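These numbers were taken from a predicted model, which means no experiment stands behind them. Counting begins at 1 with the first residue of the sequence.
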Amino acid sequence: MAPGPEYPSGTESVICITTIRKQGDGWSGMLFGQLTGQNRVGEAAFADLNYRVKRWDIFGNLQYAYSALHERSEEYLAFDKRSVASRNDANNKISQLGGTMGINYTADNGVSAGFKYVYMLHPNQNVCSGTALTESFYNDSRRLARGWNADYSIRQNYHLVNGYYRHEMSKRRLFQTDVDMLYINGLYGQNKNFANEEKTLLETNHFNSWLYAGKAIYGFPLWGMDMKIGGEASRTRMESDNGIVGTLQTAMSSSKSVSEQNNYALFWDGYVRLKNFSLSLGLRAEHVNFNYYSNNRYDADASYTSTLLYPSVVVSYTKGGNRVSLSYDYSVARPTYQQLNNSTSFVSDYVYKVGNPLLRSANVHKLGLVASLGKLKITASGRYSRNHLLTSYFPLEQADSVLALRTFNLHIYKSLSLGAAYGFQVGAWRPTVEASYSQQFITYQGRKFNKPLYSASIKNMVVLPKSTFVFFNILYSSLAHDGLNTSHQQFRVDMNVSKALAKNKWNLNLAVTDLLNTYSNRKWMQTADVLNWSVGNNTVRKVELTVSYNFNSTHSKFRGTGAGNAEQRRL
């Protein structure tokens with residue numbers, strides 16, 4: 001829950017898995033197929049293969065996925081004596097292809113090294129076709145009724161290369177280095193034809209992204225403490241070219257932007273155990289140099305340089321089956337490069353989605369408690385953040401009666417959460433009861449957004465003979481504030497049946513999400529200047545059938561952890 005400074009600042013949790021089962025030579029793999037029925041049918045297929053001969057692993061996988069969904073929504077917007085009602089109907093579909101190939105070598109002296117290449121393709125395709133109708137009123141007098149047909153397209157290529165070298169030495173010493181190279185390019189397009197007006201609007205977003213990153217770690221014992229020291233460096237470049245053409249008159253214009261960032265980090269991590277107590281201490285120093293170019297000109301206001309220290313500490317007490325852990329860490333949450341884009345996108349005649357190059361990173365203090373007391377698990381956390389990232393509506397400077405929907409920095413954000421889970425067993429029945437409370441403390445434009453979220457669930461697993469499992473889950477969450485939005489209360493029942501065959505080589509799984517069709521897709525936002533609410537059809541309810549086949553459960557010994565992972569997520 002507090003992984004320490006080895007990981008990028010802002011990493012919430014890490015699961016480390018060490019395999020202990022003896023693994024043999026030859027072929028091994030897993031074949032997977034899935035069919036999903038929502039209000040449209042989707043499908044997925046995956047094949048993972050590994051061939052081991054002595055110290056060598058040659059591995060790879062292929063994957064394909066296609067998803068489809070029909071969405072309907074209604075939206076109401078009120079601001080400055082004006083009200084806008086919109087109805088949207090859309091058929092969404094998207095397909096993707098991808099695969100991984102790599103090689104790994106493991107020696108008897110604790111040395112291992114490997115290389116892998118990952119490719120993902122979204123082929124050139126129309127991912128959404130839909131219709132929209134907007135009516136606007138000023139002082140209850142109708143001013144505009146406009147409808148349009150819209151097509152949204154995508155083309156994207158994703159290339160990732162990762163290599164690592166690892167040496168596990170005597171006396172608990174360890175050295176590992178990782179190198180990553182990432183390249184993403186593609187095109188997003190929106191083409192709107194306005195009914196009965198013979199007007200058009202075409203938006204295109206060509207983008208190219210590069211990332212080069214490296215990380216090195218050295219672990220060793222000193223003064224009874226297990227220590228790790230290391231460094232990480234990354235260079236990121238994001239180019240975006242946004243074009244706008246058409247006969248519809250708008251306040252939008254074409255734009256270009258380039259974001260460049262150099263990030264250098266040094267970290268130290270120490271762990272010591274004294275009888276029933278353990279202590280983890282960490283410190284990460286990050287130096288960031290960010291440069292922004294808007295329409296081929298350097299933007300000094302959007303660019304910045306910062307050097308900060310991020311400390312962390314975890315104190316744990318363990319006795320028998322009980323464990324209590326208290327942690328503190330200071331981290332950063334950076335905006336995505338898409339949020340920093342200077343582009344403007346047409347939502348309706350009265351709303352444009354606008355990027356914000358002036359966004360700054362949020363600095364987060366987090367205090368956490370995790371307790372495991374037999375079958376009872378308790379968690380608690382509190383956060384205090386400066387420059388927290390939120391999204392809201394603002395008047396658009398270039399046009400009257402138009403709102404800009406954009407992300408901004410809230411000066412102070414606080415939140416508190418508490419949770420508990422208790423699991424037990426009665427014969428074949430293994431239920432878990434969970435309950436949680438979370439609340440944010442936001443004041444914006446003189447209004448408080450503090451309505452707490454209460455949630456509860458009863459998760460039931462029934463173990464039947466011949467490797468058959470039945471899951472039946474009941475989940476509830478209350479009406480609550482989420483950022484500046486108010487999300488409606490939710491009630492849902494999910495069911496799942498899993499069956500293993502042929503000594504667990506085959507597995508059949510049938511799952512139903514939102515069995516009773518009770519999910520409510522409703523939310524609204526009320527600020528000092530704007531009222532917005534929306535309601536849509538249920539896009540959660542679905543039936544999913546999965547069939548998988550495993551043979552010779554041996555996996556590659558590839559142990560690369562990657563470098564620049566936080567930057568990869570931002571891209």
Side-chain angles (χ1 to χ4, degrees), residues 70-92 126-153 188-205 242-255 341-356 391-408 445 447 484-486 521-537 539:
H70 178 221
E71 292 186 281
R72 299 184 307 275
S73 64
E74 297 182 11
E75 186 172 14
Y76 178 81
L77 184 67
F79 64 100
D80 191 27
K81 299 182 181 180
R82 187 179 298 276
S83 61
V84 182
S86 303
R87 292 190 298 274
N88 298 277
D89 193 288
N91 288 305
N92 303 313
N126 184 356
V127 295
C128 177
S129 296
T131 60
L133 176 64
T134 297
E135 294 182 281
S136 71
F137 300 84
Y138 186 81
N139 281 338
D140 297 326
S141 176
R142 180 167 157 167
R143 291 299 179 90
L144 174 69
R146 172 169 281 161
W148 64 82
N149 300 314
D151 292 304
Y152 299 84
S153 59
Y188 297 141
Q190 300 183 27
N191 187 13
K192 296 180 175 68
N193 293 286
F194 294 85
N196 303 322
E197 296 184 72
E198 296 184 354
K199 294 182 179 180
T200 62
L201 181 65
L202 175 62
E203 302 176 46
T204 58
N205 176 13
N242 305 285
I244 297 175
V245 296
T247 57
L248 182 71
Q249 296 297 316
T250 70
M252 301 162 57
S253 59
S254 300
S255 62
N341 199 329
N342 64 352
S343 64
T344 303
S345 179
F346 182 89
V347 178
S348 72
D349 292 273
Y350 302 99
V351 178
Y352 297 167
K353 188 176 181 180
V354 180
N356 186 0
T391 300
S392 186
Y393 294 94
F394 300 88
L396 189 69
E397 297 177 357
Q398 300 93 317
D400 295 333
S401 302
V402 177
L403 295 177
L405 180 62
R406 72 167 186 258
T407 305
F408 70 101
Q445 292 183 344
R447 291 177 176 264
L484 301 181
N485 290 302
T486 304
N521 190 5
R522 286 189 284 173
K523 65 178 182 179
W524 60 91
M525 178 192 297
Q526 173 74 71
T527 65
D529 303 318
V530 178
L531 168 64
N532 171 252
W533 64 258
S534 62
V535 58
N537 63 318
T539 57

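- In this structure, OH on Tyr138 lies 7.0 Å from OG on Ser401, to the nearest 0.5 angstrom.
- Side-chain contact between Tyr352 and Val402: present, with at least one pair of heavy atoms (C-beta onward) separated by less than 4.5 Å.
- Between Glu74 and Ser86 there is no side-chain heavy-atom pair separated by less than 4.5 Å.
- Under the 4.0 Å criterion applied to side-chain N and carboxylate O atoms, Glu135 and Arg146 are not assigned as salt-bridge partners.
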Trace of the side chain to side chain contact (heavy atoms under 4.5 Å, CB included) decision for Phe194 with Leu248:
CA-CA 9 Å; Phe194 294 85; Leu248 182 71; 3.3 Å; yes

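- Atom CG of residue Leu403 and atom CG of residue Leu77 lie 5.5 Å apart, to the nearest 0.5 angstrom.
- Residues Arg447 and Ala528 approach most closely at NE-N, 3.6 Å, considering heavy atoms.
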With side chain to side chain donor-acceptor pair (under 3.5 Å) as the criterion, how do Asn126 and Ser153 come out once you've worked through the C-alpha distance, each side chain's angles and the decisive distance to 0.1 Å? CA-CA 4 Å; Asn126 184 356; Ser153 59; over 6 Å; no

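- Once rounded to the nearest 0.5 Å, the distance linking OG1 of Thr344 with NZ of Lys353 reads 12.0 Å.
- At a threshold of 4.5 Å between non-hydrogen side-chain atoms, the residues Asn191 and Tyr152 do not count as touching.
- Of the N and O atoms on the side chains of Tyr350 and Ser136, at least one donor lies less than 3.5 Å from an acceptor on the other residue.
- Two residues are said to be in side-chain contact when any heavy atoms from C-beta on lie closer than 4.5 Å; Leu201 and Ile244 meet this criterion.
- Summarising the geometry, atom OG belonging to Ser141 is positioned 13.0 Å from atom NZ belonging to Lys81; distances are rounded to the nearest 0.5 Å.
- Within a 6.0 Å radius of CD in Gln445, other residues, nucleotides and ligands contribute more than 12 heavy atoms.
- Contact check for Ser255 versus Ser343: side-chain heavy atoms found under the 4.5 Å cut-off.
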(request) Go through Asp529 and Tyr393 one step at a time and tell me if the side chain to side chain contact (heavy atoms under 4.5 Å, CB included) criterion holds. (result) CA-CA 9 Å; Asp529 303 318; Tyr393 294 94; over 6 Å; no

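- Around atom CZ of Arg87, no more than 12 heavy atoms belonging to other residues, nucleotides or ligands sit under 6.0 Å away.
- There is a side-chain donor-acceptor pair under 3.5 Å between Asp151 and Ser129.
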Discussion item. Checking Met252 against Phe346 for the side chain to side chain contact (heavy atoms under 4.5 Å, CB included) test, could you report, in this order, the C-alpha distance in whole Å, the side-chain angles of both residues, the deciding distance, and whether it holds?
Written reply: CA-CA 8 Å; Met252 301 162 57; Phe346 182 89; 3.7 Å; yes

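- A donor and an acceptor atom, one from each side chain of Glu203 and Asn242, are nowhere located under 3.5 Å apart.
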Could you walk me through whether Thr391 and Arg406 pass side chain to side chain donor-acceptor pair (under 3.5 Å), step by step?
CA-CA 5 Å; Thr391 300; Arg406 72 167 186 258; over 6 Å; no

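- Inter-residue side-chain proximity for Thr204 and Leu202 is flagged as met; some heavy-atom pair is nearer than 4.5 Å.
- The line from CG of Asn88 to CG of Leu133 is 9.0 Å long, rounded to the nearest 0.5 Å.
- Side-chain atoms of Glu71 and Asn537 include no donor-acceptor pair closer than 3.5 Å.
- Under the rule for a ring-ring contact (aromatic ring centres under 6.0 Å, His included), the partners of Phe394 that lie at least two apart in sequence or sit in another chain are Phe408.
- Note that the OG1 atom of Thr247 and the CG atom of Asn193 stand 9.0 Å from one another [nearest 0.5 Å].
- You'll find the side chain of Leu144 stays beyond 4.5 Å of the side chain of Thr134, heavy atoms only.
- Contact annotation: the side chain of Ser534 never approaches that of Arg522 to less than 4.5 Å [non-hydrogen atoms, C-beta and beyond].
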Requested in this report: Report the C-alpha separation of Val354 and Leu405 in whole Å, then their side-chain angles, then the decisive distance to 0.1 Å, and conclude whether the side chain to side chain contact (heavy atoms under 4.5 Å, CB included) test is met.
Outcome: CA-CA 6 Å; Val354 180; Leu405 180 62; over 6 Å; no

Self-check item: Full working for side chain to side chain donor-acceptor pair (under 3.5 Å) between Asp89 and His70
Solution: CA-CA 8 Å; Asp89 193 288; His70 178 221; 2.9 Å; yes

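- Within 6.0 Å of NZ on Lys192 lie more than 12 heavy atoms contributed by other residues, nucleotides or ligands.
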